[in-house]
Amino acid sequence: MPSATSHRKKKQRRPYLSVVLPVYNEEENIRLQYDQIIKAVKPLKVTYEIVFIDDGSADRSAEILREIAGSDRAVKLVVFRRNFGQTAAMSAGIDFASGEIIVFMDSDLQNDPGDIGALFEKIEEGYDVVSGWRVKRQDKFLSRKLPSQIANRLIAKVTGVKLHDLGCSLKAYRGDLLRQVNLYGEMHRFIPVHASWLGAKITEVPVGHHARKFGKSKYGIIRTFKVLLDLITVTFLGKYSTKPIYVFGGTGFFLLILGLASFVATVLMKIFLYQSMSRNPLLILTVLLVILGVLFIQIGILAEILIRIYHESQDKQPYSVLDTVNIDYK
Ligand code: UDP
Ligand code: MG
């Protein structure tokens, strides 16, 4: 371990550009990926770093990454204790990358590092988020492309963030903005949505895409359903995270009003139609609606309490670091 002074001497200036890559069992891909990135970022003539997050790989990925980081100080490496998932890896990427511009991409050679330049230019133009759009995506149609298209359309409708390809990992962000976004579960594809709600200027550029040559995909069709559930959470947290009582309380009031209407109908039917109240199914409906209404308002109050706890405990990390290499300005 270097001493504190040598630490300080070696302390580098913050690089302008960080390229962040999550890695999980990509031993055949890493070296090629690294070479391609170097070729792509050198011509940009800016200071850069490449941050690899080894997400608990069981193959030789971490070993190869240690070799690369040993020979190139621009390569920063974070090694997880176990597999925490792509979102946690990206979250660590955000925590450890120090660039003013942060570019994410996959480490399986499916994204084309040659596109980094185009994303970079858009950020320089003044955009805060530049989303890659795999116009000619090289994945299976039925299990990957179709569900993804449907999900993207739905997300665009619900959130108002009109991007074609949220699932494309190749994306560029202004670092300051990205550092304000907290990630949970498998939420990384919603980063542009979170950013948009913070007021980010967003655009997209077409990027290349290659079929996977080595290793295999870590995901299947199940992910689509997870994305849909995430959409509900994101929408709720985004729009109502500071005022959940409006959603639950609003629904509660609505149910109470329906309950009242149903009660009035029961009484009127008794007076004018001589319909027995206790034999009138509307009475049961009244009781149900009133109970539900009261419950909804109570859930709203609980949600208000929860949301306060949620906002106060946000510095918790969703991962555990075993080791780092070349990271010395933290
Ligand atoms: N990945 C990861 N942790 C995981 C799963 C995936 O770091 O638990 C990485 C993986 O190494 C790759 C990227 O996330 O760089 C995307 O994964 P994959 O290529 O399997 O997804 P697909 O391209 O099939 O959507
Ligand atoms: Mg892939």
Side-chain angles (χ1 to χ4, degrees), residues 19-37 50-65 68 75-97 102-113 115-116 131-152 164-171 183-191 207-227 230 317-322:
V19 182
V20 176
L21 302 94
V23 178
Y24 182 48
N25 296 344
E26 309 282 4
E27 57 183 3
E28 295 112 318
N29 295 315
I30 293 167
R31 243 179 218 290
L32 287 164
Q33 182 78 55
Y34 165 70
D35 292 342
Q36 287 183 11
I37 293 172
I50 305 173
V51 184
F52 284 104
I53 318 296
D54 179 76
D55 184 13
S57 295
D59 64 359
R60 292 190 59 242
S61 297
E63 207 177 307
I64 297 168
L65 286 170
I68 297 174
V75 173
K76 316 275 153 87
L77 173 62
V78 179
V79 183
F80 281 0
R81 288 180 199 281
R82 65 162 173 86
N83 179 245
F84 284 91
Q86 190 182 348
T87 303
M90 291 173 69
S91 182
I94 299 172
D95 294 342
F96 285 93
I102 297 181
V103 172
F104 282 109
M105 64 190 305
D106 285 347
S107 53
D108 58 358
L109 303 171
Q110 287 201 269
N111 296 130
D112 200 332
D115 291 317
I116 294 176
S131 171
W133 172 17
R134 297 163 293 180
V135 177
K136 294 196 179 113
R137 182 168 171 188
Q138 307 293 323
D139 277 321
K140 282 189 196 125
F141 179 76
L142 262 187
S143 63
R144 306 300 298 273
K145 288 198 326 197
L146 184 68
S148 150
Q149 268 179 21
I150 297 172
N152 277 298
H164 286 92
D165 196 358
L166 282 169
C168 177
S169 298
L170 182 57
K171 291 189 178 0
L183 295 176
Y184 297 93
E186 298 187 13
M187 292 281 191
H188 62 269
R189 67 196 55 248
F190 290 100
I191 300 176
V207 296
H209 192 240
H210 308 284
R212 216 184 222 280
K213 269 194 226 130
F214 309 109
K216 48 179 192 285
S217 171
K218 280 87 198 167
Y219 301 104
I221 186 82
I222 297 287
R223 182 165 64 179
T224 314
F225 297 101
K226 292 187 180 168
V227 168
D230 282 346
Q317 278 139 356
Y319 55 83
S320 169
V321 174
L322 173 70

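Whatever order the structure lists them in is the order used to number ligands and atoms, beginning at 1.
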(request) Under the side-chain hydrogen bond (donor to acceptor under 3.5 Å, both in side chains) rule, collect the residues that match up with Asn29, sequence neighbours excluded. (result) Glu26
(request) Under 2.8 Å from the Mg ion (ligand 2), how many protein N/O/S atoms do you get? Just the number, please. (result) 2
(request) First locate atom CG of Asp165, then atom CZ of Arg137, and finally report the distance between them rounded to the nearest 0.5 Å. (result) 6.5 Å
(request) Would you please write out the protein residues whose heavy atoms approach any atom of ligand 1 to under 4.0 angstrom, listed by chain and number? (result) Pro22, Val23, Tyr24, Glu26, Asp55, Asn83, Gly85, Gln86, Asp106, Ser107, Asp108, Gln110, Arg144, Arg212, Ser217, Lys218, Tyr219, Arg223
(request) Of all the heavy-atom pairs spanning Ser57 and Tyr24, show the shortest one and how long it is. (result) OG-CA, 3.4 Å
(request) Decide whether a cation-pi geometry holds between Arg223 and Phe225; the criteria are a distance under 6.0 Å from NZ or CZ to the six-membered ring centre and an angle within 45° of the ring axis. (result) no
(message) Quick check against the 3.5 Å criterion: does Gln36 have a side-chain atom that pairs as donor or acceptor with the backbone of Pro113?
(response) no
(message) Testing Val103, Asn111, Val20 one by one against Ser169 for a side chain to side chain contact (heavy atoms under 4.5 Å, CB included), which residue passes?
(response) Asn111
(message) Enumerate the salt bridge (Lys or Arg N to Asp or Glu O under 4.0 Å) contacts for residues 102-111, please, sequence neighbours excluded, ordered by first and then second residue.
(response) Asp108-Arg212
(message) I'd like to know if the side chain of Asn152 and the backbone of Leu166 have a donor-acceptor N/O pair within less than 3.5 Å.
(response) yes
(request) Spell out, as yes or no, whether a donor-acceptor pair under 3.5 Å connects the side chain of Asp55 to the backbone of Ala89. (result) no
